[in-house]
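Everything below concerns the one structure shown next.
As a basis for the values below, the full set of heavy atoms in this structure was taken, side chains included, without hydrogen atoms, waters or symmetry mates.
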Amino acid sequence: MLEITHYDRLSVAKFGGTSVASVDAMFACAHIITSDPSIKLVVVSAQSGMTDLLTELTLSDDLQQAHAVILKITQRQTDFINGCSLEFLKPKLNSIIDRWLEQFQTLVNNSDFPVSDTLRHRLLAQGEYLSSELIGEVLTHSQIKNCVVDASQLIKVHKLGEVGVKPDLNRISFACRAYLSKLSHDSITVTQGFIGSDVNTQEFLTLGRGGSDFSAALLAEAVKADELQLWTDVEGIFTADPRVVKSAQLLETVSFNQANRMARFGAKVVHPDTIAPVMRNNIPVLIAATKYPNGNRTWVKQYDTQDKTDNRALSITRRKSQALITVEVGSVAERIDPDSILKKLSNTQLYSDWLTYTDNVLNVIVNQPVLNNANAVVAEIEHELADLGAVNVETDLSLISIIGDGFCNNHLLIQKLLAYLADYPVRNLMIGTSDHLINWLIPAEFEETMIIDVHRLLFEDKTLNNAAADYDLSVAS
């Protein structure tokens with residue numbers, strides 16, 4: 001078995017879309033890498049906004065529509081070059097972009113529209129390939145020896161139909177040893193996030209939106225990294241989205257379990273699949289802002305017993321663009337079998353990780369993007385469930401969650417929260433099934449007002465703090 005070259009300390013650093021959105025941002029990445037000799041493997045995302053344009057292209061009905069999107073992508077790269085203040089570097093970066101655009105246009109011109117699923121994955125991944133080549137050139141200019149490796153040779157997965165992919169950990173580990181074992185101590189490996197390939201067919205696959213974090217975590221696990229660094233545009237994890245709640249407070253440390261819940265229920269700082277690989281191997285995760293490398297930051301790690309703080313809410317999160325599917329049978333006497341209904345729903349290619357169930361009503365929450373053609377989807381669901389009951393679909397909802405440890409045992413808090421929610425058209429509420437999570441669905445128009453008010457209730461209401469002496473609302477200052 002090939003072995004990774006031994007390092008005293010090995011860190012994997014992932015740089016997100018804003019970190020590679022401009023030449024200046026890429027030089028900030030280079031500075032971070034230079035300042036930390038432990039960083040030997042770098043994972044990059046596509047430039048911010050690029051995957052949105054590529055997604056638009058994959059939805060084109062014909063070549064003419066696709067070319068209109070290519071014009072937008074070309075203009076974006078022109079702006080990227082124009083933003084470079086180093087004149088002597090522009091020709092090298094231009095050469096990379098021109099070569100990429102030529103290959104990209106050839107790929108599109110040889111495509112049939114609408115594009116096949118296989119081609120869709122290949123088109124969506126092109127942003128990461130461009131980012132890796134560009135940052136490789138910036139690192140070279142910064143006197144950082146580097147080598148760009150194709151992530152499809154490293155990340156080996158099994159395709160699971162519409163619900164995503166399952167990583168093959170043994171194959172990933174072997175591939176990393178095969179491709180990374182001969183690197184010298186003074187070289188940085190650059191690879192792409194979001195990209196993998198099918199173990200059996202070698203088919204090119206992408207890992208879903210936000211998949212660069214997942215890629216980085218899988219690679220950190222495979223090379224037995226001492227640390228995973230996620231560099232983004234946000235200075236760590238806060239008690240709420242600081243772009244919505246100006247008074248949001250930094251959480252200096254959260255546990256793997258807490259971060260996993262936050263990610264699952266909408267926190268954008270960490271991708272939901274990221275935590276499992278690092279948790280399996282107890283790899284600490286640093287979350288920090290590329291723009292402020294010495295600023296605020298959050299560590300995600302396994303809590304030691306003496307470090308764990310119970311009985312507090314940690315964060316308010318939101319999942320936007322949710323839809324609520326309600327299935328109701330004719331009478332209470334008729335019981336719904338959730339398994340049979342979920343099996344029928346799977347025929348419509350809908351996926352849900354959250355539902356509530358009573359004797360005659362089943363509520364299923366799904367991400368609204370799968371309901372873009374809502375009327376057709378509803379018709380298909382109603383056809384599937386016609387023999388069971390009435391179906392109703394509501395869209396444009398947001399799932400708001402409070403996440404923490406033990407805070408549901410604070411009856412004063414729950415009482416105040418319910419009194420507050422009574423003034424809003426809450427569509428679904430889950431409370432009391434655990435002591436660390438409360439969720440409710442609300443029309444999207446109320447979400448920001450509600451998050452600000454609930455944050456004030458949880459973290460800024462001194463009366464509530466004083467009234468519940470055993471309820472620790474403190475967070476890192």
Side-chain angles (χ1 to χ4, degrees), residues 51-53 55-56 58-61 114 120 161-164 208-210 240-241 243-244 262-268 271-272 316-329 336 338 340-358 360-403 420-431 437-454:
T51 304
D52 289 333
L53 289 172
T55 300
E56 182 182 347
T58 65
L59 297 174
S60 299
D61 293 325
R120 180 178 65 85
E162 296 297 322
V163 299
R209 296 303 295 265
D241 185 341
R243 290 165 291 195
V244 175
M262 291 178 194
R264 279 185 56 223
F265 289 99
K268 298 298 184 183
H271 186 270
I316 305 167
T317 64
R318 63 175 169 176
R319 277 197 343 206
K320 304 177 74 172
S321 300
Q322 303 293 289
L324 176 64
I325 302 172
T326 301
V327 184
E328 184 173 3
V329 299
I336 289 179
S340 67
I341 287 188
L342 291 176
K343 184 176 181 180
K344 287 177 179 287
L345 286 176
S346 70
N347 294 333
T348 67
Q349 298 185 339
L350 292 180
Y351 171 73
S352 174
D353 64 352
W354 203 81
L355 60 84
T356 59
Y357 171 64
T358 61
N360 68 326
V361 179
L362 179 71
N363 293 316
V364 182
I365 299 173
V366 299
N367 287 320
Q368 192 172 320
V370 300
L371 292 176
N372 282 336
N373 191 3
N375 292 333
V377 173
V378 171
E380 190 173 355
I381 293 171
E382 288 177 332
H383 174 73
E384 284 288 331
L385 306 178
D387 59 332
L388 295 175
V391 179
N392 183 54
V393 177
E394 299 175 60
T395 59
D396 298 319
L397 301 172
S398 293
L399 180 66
I400 310 297
S401 304
I402 303 175
I403 295 164
Y420 172 77
L421 294 180
D423 292 331
Y424 290 88
V426 174
R427 295 299 303 116
N428 202 289
L429 173 68
M430 187 173 75
I431 187 170
L437 180 67
I438 297 175
N439 313 78
W440 63 91
L441 273 177
I442 195 76
E445 62 190 282
F446 299 110
E447 66 173 36
E448 293 202 355
T449 297
M450 179 170 283
I451 288 172
I452 293 169
D453 289 347
V454 173

List the atom pairs, with distances to 0.1 Å, where a side-chain N or O of residues 438-448 and a protein N or O form a donor-acceptor pair under 3.5 Å, not counting sequence neighbours.
{"unit_1": "Asn439", "atom_1": "ND2", "unit_2": "Ser401", "atom_2": "OG", "d": "2.8"}
{"unit_1": "Glu447", "atom_1": "OE1", "unit_2": "Ser398", "atom_2": "OG", "d": "2.3"}
{"unit_1": "Glu447", "atom_1": "OE2", "unit_2": "Arg318", "atom_2": "NH1", "d": "2.3"}

Output for pair (Asp396 CG, Ser321 OG), nearest 0.5 Å, gives 7.5 Å
For the CD atom of Gln322 and the CG atom of Asn428, what is their distance to the nearest 0.5 Å?
11.5 Å
The reported gap from CE in Met262 to OG1 in Thr317 (rounded to nearest 0.5 angstrom) is 8.5 Å
Just verifying a value: how many Å separate Met430 CE and Ile365 CD1, rounded to the nearest 0.5 Å?
8.0 Å
CG-OG1 distance between Leu53 and Thr58, expressed to the nearest 0.5 angstrom:
11.0 Å
Residues forming a side-chain hydrogen bond (donor to acceptor under 3.5 Å, both in side chains) with Tyr420, sequence neighbours excluded
Tyr424, Asp453
What residues form a side-chain hydrogen bond (donor to acceptor under 3.5 Å, both in side chains) with Ser60, not counting sequence neighbours?
none
Rounded distance (nearest 0.5 Å) linking atom CD1 of Ile316 with atom CD1 of Ile400:
8.5 Å
Reference residue Leu399; test side chain to side chain contact (heavy atoms under 4.5 Å, CB included); the match among Lys320, Arg427, Arg319:
Arg319
Non-hydrogen atoms of Val426 and Leu421 that approach each other most closely
CG2-O, 3.9 Å
